[in-house]
Every structure is written in C-alpha cells, then in structure tokens.
Amino acid sequence: MSRTYTLKGRGTAPRGPEVEIDFAAELNPQQLAAVTAPPGQSLVIAGAGSGKTRTLTYRVAYLLKNAVAPENILLLTFTNKAAKEMLERVEALLPQQTAGLWSGTFHSVCNRILRRHGELLGLTRNFTILDSDDMKSLLTKSIKESGVAKQVEEDTGEKFPKAQVILGLISLAANTLTPLKRIIERDFSTDAEFVAGISKVAAIYAEKKAKANSVDFDDLLARTLTLFREQPAVLAQYQYQFQFILVDEYQDTNSLQGALIEALAGQHGNVMVVGDDAQSIYAWRGADFRNIIDFPDRHEAAQVFRIETNYRSVPEILELANEAIKLNEKQFPKTLQAARPRAQMKPVVAALYTPQEQAAFVCQRMQELHDEDGIAYSDMAVLYRAHFQSMDVQLQLTSENVPFQITSGLKFFELAHIKDFSAFLKFAVNPRDEAAFDRLVQLLPGVGAGSSAKMWAAWLASGPAQTGQTPRSFSAIFEKIKVPPRAEKDWQQLGWTMDEFVQEDGTLRDPLSVMTSIQEGIYLAYMKATFDNFEARRQDLEQFMRFGSRFTTVEEMLGELSLLSGPEAAEGAADSSGRENQDAVTLSSVHQAKGLEWKVVFIIWLTDAMFPNLRAAESNGGEGMEEERRLFYVAVTRAMDQLYLTWPRLWPKAYTGDAWQMPSRFLESLPPGSVDEWRIGR
C-alpha cells in the first residue's frame, strides 16, 4: 500500500492558516459527490447553469485540504479569464495556499513546458511566439518563395488561396491530428495542383519558423506532444509532477488537446474532466465530440458524475430544453432540474410573415419589456445561427433608436466584404470617390497603397473623373491604365464586370443586377481565395443583396446605407466592443453566446433551412444534425426568465424570388403544451 510521507522544512512558501470548509453545506449532493471523488478517472457531466465553475473550484480546494501539494495539481482551461477566476475563487477559500499550482490554458501550459525543454526539439529558450499578423506575413512570404501560385492559377484558371485560408487549413490539420493533404482535399480543393501547391507552401512556412526560432499557437501544443512522444523521460517528469489533472470545458477539446491530456495522465490516471456533452458545438473548428462521449469506453474504471440542478432558468424553460435534446442518440442522458420556482410563463413561439416583421416583433417586444416591465436592455439578447440573420434586427433596432452591441462580430454593414461591395457601388455612382477606388483596386493581387495611388492619378485624367458621370465603358478606360503585372488579368476582368453595371442609355442598372455582376464576375472567386470562412461570408452577401433588392436605384440604396451608419445611428447603438455598464441589447451568434446568460432571450430564424443549418446538419452523417440540436439546446439554456422563439414564413431571396419556409424541426419536435403560440396581427 502506498503512503504519503511529508518532508519538513521543504523551503516552500509558508502556507496560510488552516481554514475549515464545510463542503457538504456549500455544495449540493451532486456537486459534493464530484468534488470528493476518490483518485482515478472521473467524468463530470455538468449541465447548463449547474455550477460547473463552483464544482471545479471546490475540487481544487478539496485536494489542497487533503494534503495534495499545489505543484502536483494541473488545472487546464480554455481561457485565461476562466483560469484566473477559478484560481481567485480557490484563493478566497484557502488564502495563501495556491502558490505553485499550475493553472492556465492549454497554450500557456505548453509554453511553459517548451521554455524548459525546447532545446530537445531544436528551439532555444528564448523562442518567439508568432501572433496572427506575424503568421500571416510569414505565410505570405512562403507563398511568394514557393512560386506555385501563378503556375497553379494558370493551369487551373482558379485563384490560389491567400495566407489566411492556408493558415486555417494548416491549423485544422494540426488540431485534428489529420494529414494536411486530407484537410485540403476535404475543405478546399481535390485538384492535385492545389494539394501539391498548398503542401509546398506549408513546408516552406514550417522551415521559416524553424530558422527564425519561432512557433505559432498551434505549434505550442503540437510540439509539446512531439516532445512527450520523443522524450519519454520528459513526459515521465510531468506525469510524476501532475498527480491530479483537472480539465474544464472538456467537450470543446480537440484531438490534439485530448492526446496531451491522455499523455500526462498516463501513469497515475488521476484526471477529472468536466463538461457537458449537450453543449459540444465546435466541431467546425476542430473540437472532437468523441473525447467526452467515449471517455468511459477509453477508461473502463472511470466514474461518471452528473450535476443536473440548474440555478439559472425557470422550470418552463428547462422543460423545453430537456425535450429539445432528448432526440439525440449520442449523449449522456440527464434531466435539468430547476432550483428556481415556476414563472407561470411558458416559452413563446411566434411565426411572422417576413424577416422584417420578425425584426419588428423582436424590437417592439423588447421596448415593451424595457418601458413597461423595467427590464434593462442589457438583460436581453437576440441569438441566431449565422451572423447574416441579424441584419434585419440591426436595421430595426437602429431605426427605433434601441441601443445594441454585437458579440458575434462587427455590425453587419461594417463587415469587410460588405464594405467591399459598397465600394463597387459607390465608385460606380461617383467616379470621383477616391476612397472607394482605393478599396476596390487593392482587392487585386500585387496592388498596394503605392500602386493604387498611381492608378488613381491615371484615372483622374479620364473623362468620367472630370465630369463625375458614370462611364459607358469602364474597361475602355481601364485598359489605358498601367497596373502591376500580377494584377493585369484581374484588372481586365474588373473592367468587364463593371461594364455590366451600365445600361444602354448610360444609367446604372438596379442594385440587385449590379450586385449580381459583382458577385459572379469577380467577388466570389476573391472571397474563396481570401477568407477561411467563405460560406458564412457568401450568406452575408446573399442577405445584403436581398437588402439591395428593396431599392429601385443604386443611389437610393447608398443613401439609406449612409443613414444607417451616420451619427444618428451611432448615438442609438452601442459599439461592438461591448462597453461595460451600457444598457444595450446583445446580438450574438449562438456559438459566441455559450457561457453567457440573459433574463430575456429571442432566438430568431428558426426555420428548417436556417436552424438547423442543413449544410452543417448533413455533414458527418447523423452527427451533424445532433450537433445542430446541441446548438439549439445551448441557445435555449441562455434564457433565465423569458424565451421567445421566432421564424419568418417567407424568405425573399435575392436570386430566386420568395421562398416559403417551414418551422424548424426543433420546434416541431416539442411536445404540445410546452410552449405558448402567439398569433401576430398586422
């Protein structure tokens, strides 16, 4: 039998006075069972709003109270904020007793390890970590040095991906422990030239990092795993040091992170992973659902604890959440139980006629709750599956002067690709608009600020620049302007595309026709090669084109846009940085909302094409639909007091005309009586 033998006078920092903690009084029975679990493998399934952070905090305190030295505990989190919060809570429970405890993100912990042992991998202790801009710059140089871009484009007739796209492919390969070739073929192109070209660029990028004694964020984890696999003695050292490993948000770990945890716990097996399988929603960025769902299969002796008491939501909302997730086959079954009394108000389902009416309903109901019931705007949120679905709500809130902030990115009309589109429109209307000209020509390869200035000077000498009138033929003028060699082909295509803007009488076509020419003539190919979230941006453009279809002329549309982004709009809306203490409604994608909560939540666009997102649902067989259902579950469990579920019956599409919508299958699967259906009058 093993025993613990304590050395006296080890020279460690003095411990604070002994503090008694009544664990049984401060925790509910389910939390207490997890906190006081014996050594070994433990999986804690902590339902939404059940006090996961409290459970982890008290687990650390319990270990410290039971003579486990701080330096023998490793607490892994996903954010520095979470690590700091947990450590502060433990320190509040046991003052001066946490010195030496390893707590931090996977990246910060791996950084510490590589600083100690990096020489074994060819790194010196003063290696640098590339930030996002550094990575992009180094990858751009790698593309140039490889010399493959021009050849691939000539052979295939398609654009070679830019640095940001290739970095996304490299990162996904690293985090999923998947060969890069397979990721390229699955997520970008199966064309052999693209596969070979991108692979060559990635190899040059890796060589450049090695020569520069640098690593990127993914390298911190990947190279630490390599260190453990190639240097068993180093791994044994950390296995001995970290006698107890605790992992937060385990459902969000990817294959690489999962492998690191398994390696460190390989000797003693004292690992407690905490998470909620029903909130695993990040497969698109590499999270591996199998890590949590297969944990008991990988560790036959593992104990599974369920924490199901929810302190956030009223029973009516939790009953809906329990029903919503019930159909998933791959899960640890659980039933959230409310600690709060019943609210006597069921979740509301409201079908609206159009997206604009949906936005009007959301805005009006928020104003009523704010003005009549005294609920702060900051206690309300609008959640959606994809960012473009928020456009009509943003427009409505702006017009009604209701303040809002966006956690899922910039405001819709501030997005880079929307501003690119707007630049085309502005320049077509006003050939003297230098800012619009600069923006659109710098989309071309090889054109920077210097080249743009020379091209603008040449354009100023043309007739349209003198008169301010839209030319009959852009291409006829463009062909007289000298551009960098790399840009010649795209410059010519740009001219042809803009020629399509102009009708025979010299006036501009309607906004939708102009925007269709931009999208099909030049911008879709540019987006695919430039952005790693191409599909999401394509959907944004579809929504922007639908907005444009409301107007007869481009001038009218641009006038409306200027009002939406002018000083009056700015006064009524919070900025997207989310300033503290501002009474503003939150607009957020469901992914960004995870971990947050509001008194009142509106989930919009609950149609069977939008939420679930059918493209995502059809991926990976049935697993895609199960993740979509988990995403709906996360959205529902953000609400504390009131929940509104809305969907538009009609979707006016830019290309194909109006499309009738069916309610989301998530709504259809709810049992009768679990919601109140509101009929909206006009």
Side-chain angles (χ1 to χ4, degrees), residues 118 121-123 127-227 229-230 254-256 284-286 443-448 484-490 493 524-535 537:
L121 298 175
L123 292 168
F127 68 81
T128 54
I129 301 173
L130 303 174
D131 62 22
S132 298
D133 288 339
D134 296 332
M135 293 162 60
K136 187 175 179 180
S137 175
L138 203 61
L139 206 289
T140 299
K141 290 180 180 178
S142 301
I143 294 173
K144 186 175 181 180
E145 289 186 18
S146 72
V148 300
K150 184 177 181 180
Q151 188 62 51
V152 171
E153 290 179 353
E154 289 178 354
D155 292 345
T156 65
E158 298 181 21
K159 289 186 176 295
F160 194 76
K162 293 190 176 181
Q164 194 62 44
V165 175
I166 297 178
L167 285 171
L169 298 171
I170 294 172
S171 178
L172 193 58
N175 285 297
T176 58
L177 299 179
T178 304
L180 178 59
K181 178 178 181 291
R182 192 181 306 169
I183 295 295
I184 298 169
E185 291 174 337
R186 188 193 72 187
D187 293 353
F188 189 80
S189 174
T190 57
D191 189 295
E193 287 202 61
F194 274 106
V195 174
I198 295 172
S199 299
K200 182 177 180 179
V201 169
I204 294 173
Y205 174 63
E207 291 174 5
K208 283 186 171 294
K209 288 187 293 181
K211 289 179 181 178
N213 192 38
S214 300
V215 299
D216 59 29
F217 295 113
D218 295 325
D219 290 330
L220 291 172
L221 276 61
R223 303 203 72 173
T224 300
L225 183 60
T226 298
L227 175 71
R229 288 174 171 174
E230 294 181 354
N254 56 43
S255 300
L256 176 53
W284 54 276
R285 71 182 189 193
L443 300 177
L444 307 177
V447 176
R486 286 182 57 205
E488 288 177 354
K489 182 178 178 181
D490 292 274
Q493 179 61 49
L524 276 184
Y526 168 81
M527 279 206 310
K528 183 177 181 183
T530 304
F531 301 117
D532 57 357
N533 58 344
F534 164 72
E535 182 58 31
R537 291 178 188 255

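What you see is a predicted model; the values in this text were computed from it and never measured. These numbers come from the heavy atoms of this one structure, side chains and all, not from hydrogens, waters or symmetry mates.
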Looking at [atom1] of [X] and [atom2] of [Y], how far apart are the two atoms once the value is rounded to the nearest 0.5 Å?
X	Y	atom1	atom2	answer
Q164	L169	CD	CG	10.5 Å
L138	D133	CG	CG	12.5 Å
L227	L121	CG	CG	5.0 Å
I166	L139	CD1	CG	5.5 Å
E535	K528	CD	NZ	11.0 Å
L221	N175	CG	CG	7.0 Å

Could you tell me which non-hydrogen atom of [X] sits nearest to which non-hydrogen atom of [Y], and how far apart they are?
X	Y	value
L444	A487	CB-CB, 4.1 Å
V165	A529	CG2-O, 3.5 Å
T140	A163	OG1-CB, 3.4 Å
S146	V201	OG-CG2, 3.5 Å
K159	A525	CD-O, 3.9 Å
P484	G446	CG-O, 3.4 Å

Self-check item: Pair listing, ring pair (Phe, Tyr, Trp, His ring centres under 6.0 Å) test, anchored in residues 163-185, at least two apart
Solution: none
Practice problem: Scan for ring pair (Phe, Tyr, Trp, His ring centres under 6.0 Å) pairs involving residues 128-183, sequence neighbours excluded, and state none if there are none. | Solution: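 Pairs touching residues 128-183 that pass the test: none.
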Just to verify, what does [X] make a side-chain contact (heavy atoms from CB on, under 4.5 Å) with, not counting sequence neighbours?
X	result
A202	I170, L180
R285	Y282
R486	P445
D134	L130, D131

Quiz prompt | Pairing residues for S137 by the side-chain hydrogen bond (donor to acceptor under 3.5 Å, both in side chains) criterion, not counting sequence neighbours | solution = none
Side chains of residues 209-217: which donor-acceptor pairs under 3.5 Å do they make with residues two or more places apart or in other chains?
residue	atom	partner	partner atom	Å
K209	NZ	D216	OD2	3.0
K209	NZ	D219	OD1	3.4
K209	NZ	D219	OD2	2.7
N213	OD1	T124	N	3.1
N213	ND2	T124	OG1	2.6
N213	ND2	N126	OD1	3.4
S214	OG	T128	OG1	2.8
S214	OG	A212	O	3.1
D216	OD1	D218	N	3.2
D216	OD1	D219	N	2.9
D216	OD2	Y205	OH	3.1

Does the side chain of [Y] come within less than 4.5 Å of [X]'s, by heavy atoms?
X	Y	result
L524	M527	yes
R186	T178	no
D532	L167	no

Self-check item: Contacts of type salt bridge (charged side-chain N to carboxylate O under 4.0 Å, His left out), residue E185, not counting sequence neighbours
Solution: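 With sequence neighbours excluded, E185 shows a salt bridge (charged side-chain N to carboxylate O under 4.0 Å, His left out) to K181, given in chain and number order.
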Quiz item: Quick one: salt bridge (charged side-chain N to carboxylate O under 4.0 Å, His left out) partners of E145, sequence neighbours excluded?
Solution: K208
Quiz prompt | With F194 via ring-ring contact (aromatic ring centres under 6.0 Å, His included) - residues at least two apart | solution =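 F194 satisfies ring-ring contact (aromatic ring centres under 6.0 Å, His included) with F188 once adjacent residues are dropped.
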Practice problem: Give the intermediate values and the outcome of side chain to side chain contact (heavy atoms under 4.5 Å, CB included) for residues L220 and F127. | Solution: CA-CA 11 Å; L220 291 172; F127 68 81; 4.2 Å; yes
Quiz prompt | side-chain hydrogen bond (donor to acceptor under 3.5 Å, both in side chains): pairs with one or both residues in residues 191-203, sequence neighbours excluded | solution = none
